[in-house]
Amino acid sequence: MAENKIIKSKYFFEEEEIEQLAEVSTHQYRPWEKNEKLKVVGKGLPRLDGYDKVSGSAVYTFDVILPRMAHAATLRCPHPHARIKSIDTSEAEKLKGVLGILTHENAPRIEWYGRSFLFDPHLRYEGDEVACVVAESERIARQAVRSIKVEYEILPFVVDAQQALQKNAPQLYEDGNLMRGKPSKYERGDLEKGLQEADVVLERRFDTQVVVHNPTEPHVSVVKWDGDHLTIWDSTQGVFSVRSRVASVLGLPESNVRVIKKYMGGGFGAKLEAGKYTVMAALLAKKIGRPVRIALDRREMNLAVGNRPDSYQTLKAGVKKDGTLTALYLKSIGSAGAYPAGTGCAWPLRSMYACPNVKVEEYSVYINAGRARAYRAPGHVQGFFALEQLIDELAEKVGMDPLEFRLKNYADKEPNWNIPYTTKLLKEAYLKGAKAIGWERRNKTPGEQPGPVKTGIGMSSQIWWGGGGPPAYANLKLNRDGSVQIIAGSQDLGTGTYTILAQVAAEVLDIPVEKIEVILGDTDVAPYCGSSGGSTTAPSVSPAVRDAAEQMKAKLFSAAAAHLGVPESQLKYAGGKFYSAGEKSASLDIGQLARKMGERVLVTTGRREANPEGYAVNTFGVQFAEVEVDTETGKVRVKKIVAAYDLGRVLNRQMLDNQIHGGIIQGLGYALFEERLIDRNIGKLVNANLHDYKIPTIKDTPEIEIYIVSEGDEKLSNTGVKGVGEPAIIPTPAAIANAVYNAIGVRMTSLPMTPDKVLMALQS
Ligand code: MOS
C-alpha cells in the first residue's frame, strides 16, 4: 500500500512531464498499412472458445437453466388465413402444471410489424401466433397448447406471389397485397436509348425458391424479472437491438432491460430482430413471477421466423458487338409473406458492372405464408443467379469468353454514385481463380461431351458491402496481473468474433492471446456495438478494439517513461514489457506498471471511426465451379469450387476459410436441393423439418480452394478489415448454374436445380 501511495504521487507528473503525456495521449497511430507485417493478426489461430465448444461445456442460450424456471409454448394457427371467432382455454387451464395462458383476449395490444399485433385475431399464415401457455415443463405446455379450443372463420388464401397480384386474389390487407401499393424503383441513364444502341438484346426469366435459415440452435429466450428490471438470455444477432425493441413494446426504459448472449448456434439473418416469443415469455414471466424459457422447435422455426424470399425475375439487357453493356433492366416479384419485408434483388444488377442505362422495378407481395427476413446476403444470392447467367449468355452471343466479357464491363467506379472504391481487386481475384480452376479446360461447345455424364466449368462474380462502420465501441481493461479483458456489445454468432478481437488486442499490446479474455453479448456491461448482420462485425468492431488497445499502449508508454525515468523516445516495448535503454537499463511489464500507476484496473474505450467520405466500400470476389451432370438421372454433383476474394485484411485465416466453406455449402444447398414447399391446395407447409427439407451433407460437399488477393484496406479503417460472412455465399448458385450450362448446353433458369428440372430442361 505504501508503494501505491508513492507511485500515485508520481503518476501526477510534474509540469514538463504532463506536456509530454498530453502529446502521447492523443494516441496518434496510423492505420495498418496494407502490407504491414503483423505477428498475430492474420494467423490461423484456433478458436479461443474451441475447448468450450468441443467439450460441450459452452453454455448456449438453449442451455440456460434458472431456478424455478417455467416453460412456455405457442399455439399457432393451423390455417393459412383465418379469423378467431372464439377461443376457449378452460380445459388447458385445468391441466396440472399449467401456470398461465395469453391470448388476444387478455394480452396487451402490442403492435407488431406495423400491421398487426402480438396476438391478433386476424391470422394471416399457418404459424401465426394464437396463444402462449406457460407451464411447469415444456411437455405440459405443449400438451396444454393442444387442449385450447379455437373456432376459426376460415378465409380464402393465396400462397403464390404472382397469383397474389391478380385482380380477384384473396386480400391479406384492405389496401391490397402489393406492399406499399407500388413497386420500388430505380433508374439511371435511359434504358430505351441503351437498348437501341445495342447490337444484341436479350430478355430472360429466372425464378428462385423460398428457403429457410435453419441455424443449428433454435430461436430461444429465457427471461427473468427482478422488480421492474428484465433480463433476457436470447439467441440473437443483436443484443442491443433486442433490448431497444423489447423495452419499447413493454414501455420500459432501456436501462431496465438487459440482454445477454454468449454462445450461439448460428443465425444467418433469422435472428436479427426481437422475436414475438421473447415478448410473450416476458409477459408470462411477469404474470407468474417466475423465470420463463421459450424455445421454438424446428417446425415453428420453419413456419414463423423467416426465410429467404423467392424471386420471379425478368431481365433485359443490351450489348454491343464488342461486348459493351448498354442497358440492364430488371423486374422482380418476391413474396414478403404475411407481413412487411423487403424482397428486392436488384443490387447485383445495379452495382456489379459499368452500365450507363439501368432500370429496376421490384414488387414485394403479401402472401399467406411466413414472413421473409434477411437471409445471408439478402437479395444478392437470387439476384446473381439471374444476372450472372444472363451475362454468360450475352458473352456467348457476342462470341466472347465470359471472363473477358466481365473484364470488358468492369466497373472502375461505383456505378450508382460514380465515386471511387476504397479498394477493388476483383480483376486480381478473377485471374487468380481462373488460373486455379483451369478456366481453359471449360467446354468450348457446351453439351457436346460424349457419354451420359458431362462435366462443366462456370463462374460468378460477387459484390457486397461489408465495410462496417460506426457506432461501435470496445472497452479494454488491463488488470494488475497483466491480464486483459475486452468488453464489447457485439456478439459471436459462431463465426469467431471472440478470437479475432483477442488477436487485434494481442497484436497491439504484444502479449499472448491467452492473456486476453473477450466479453461480448451483454448490454449491461458492454459499450454499444451494432447487430451482427451485413458482414459488419469484424470491420466495425476490430477497429474499436485496436483503438482501445492503442490508447492503452499510449497510457502505458507515458507511465513507463515516468517510472523508468527516461523519455519515451528511449523506451522499447516488446512482449508486454517496457525496456529503458542505456546505463539505467531496466524493465517493467504492463501489469507491474498498472500497479505502479496506482490502478487496480486500467481502462480505455476505443471507438470505430467513420468510413472515408467520397468512397464506396465493397467486398469483391469470384467463385468458379466445376460440376458433373448425369444426363440420365438429372443429378448435378459439384466437384470443386475455387473462391478468390478481395476482403481487405484477413484477421484469422482459419476462421475466414470456415466462413467461406459454410457459405459455399449453404449456397450449394440453395442451388441444388433446398426449397420451402407449400401445398397450394391447402396453403400449408409440407416440409417443415430437416428430414423432408434437404440441406447438404458432407457427401455433397465439394473440394474447396480459397485465395485471398487483398492485404488490407488502408482507406477504410485502422485495421483495414472487411466482412466475409455474406460474400461467401453470394456467387455459389450462379457459378454452379453456369457450370451446369457449360456441361449440358441447357440453361437452368429455376432453382433449385433438382434432377426432375434438369431432365425436363434437357428434353425441351
Ligand atoms: Mo445477415 S442476413 O446480415 O445476418
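Note that the numbering runs from 1 along the sequence shown for the chain. These numbers come from the heavy atoms of this one structure, side chains and all, not from hydrogens, waters or symmetry mates. What you see is a predicted model; the values in this text were computed from it and never measured. In each ligand, atom 1 is the first atom listed, and ligand 1 is the first ligand listed.
Using a cut-off of 4.0 Å between Lys/Arg side-chain N and Asp/Glu carboxylate O, E714 and R649 are scored as not salt-bridged. Salt bridge present: R76 and E300 bring a charged side-chain N and a carboxylate O closer than 4.0 Å. Checked for salt-bridge contact, R299 and E126 meet the test: a charged N lies under 4.0 Å from a carboxylate O. A salt bridge links K276 with E129: the closest approach of a Lys/Arg side-chain nitrogen to an acidic carboxylate oxygen falls below 4.0 angstrom.
With ligand atoms numbered from 1 in the order given, ligand 1 contributes 2 (S), 4 (O) to contacts under 4.0 Å with heavy atoms of F268. Close approach of ligand 1 to Y375 is summarised as follows: ligand atoms under 4.0 Å from at least one heavy atom of the residue are 2 (S). Near G269, the atoms of ligand 1 lying under 4.0 angstrom from a non-hydrogen atom of the residue are 1 (Mo), 2 (S), 4 (O).
Of the polar atoms of S535, none of the N or O atoms is found under 3.5 Å from an N or O of ligand 1, judged by distance alone. For ligand 1, the polar-atom distance check finds no N/O of R376 at less than 3.5 Å from any of the ligand's N/O atoms. For ligand 1, the polar-atom distance check against A374 finds no nitrogen or oxygen pair separated by under 3.5 Å.
Within the 4.0 Å heavy-atom cutoff, G534 counts among the residues contacting ligand 1. Heavy-atom distances between K271 and ligand 1 stay at or above 4.0 Å for every pair.
Ranking protein heavy atoms by distance to atom 4 (O) of ligand 1, first place goes to Q237 NE2, 2.7 Å. The single protein non-hydrogen atom nearest to atom 1 (Mo) of ligand 1 is E726 OE2, 3.3 Å, given as residue, atom name and distance.
Among all heavy-atom pairs drawn from N618 and K722, the shortest one is O-NZ, 2.8 Å.
With a 4.5 Å cut-off on side-chain heavy atoms, F206 and M748 do not count as touching.
R308 forms a cation-pi arrangement with Y670, by the criterion of a distance under 6.0 Å to the ring centre and an angle within 45° of the ring axis.
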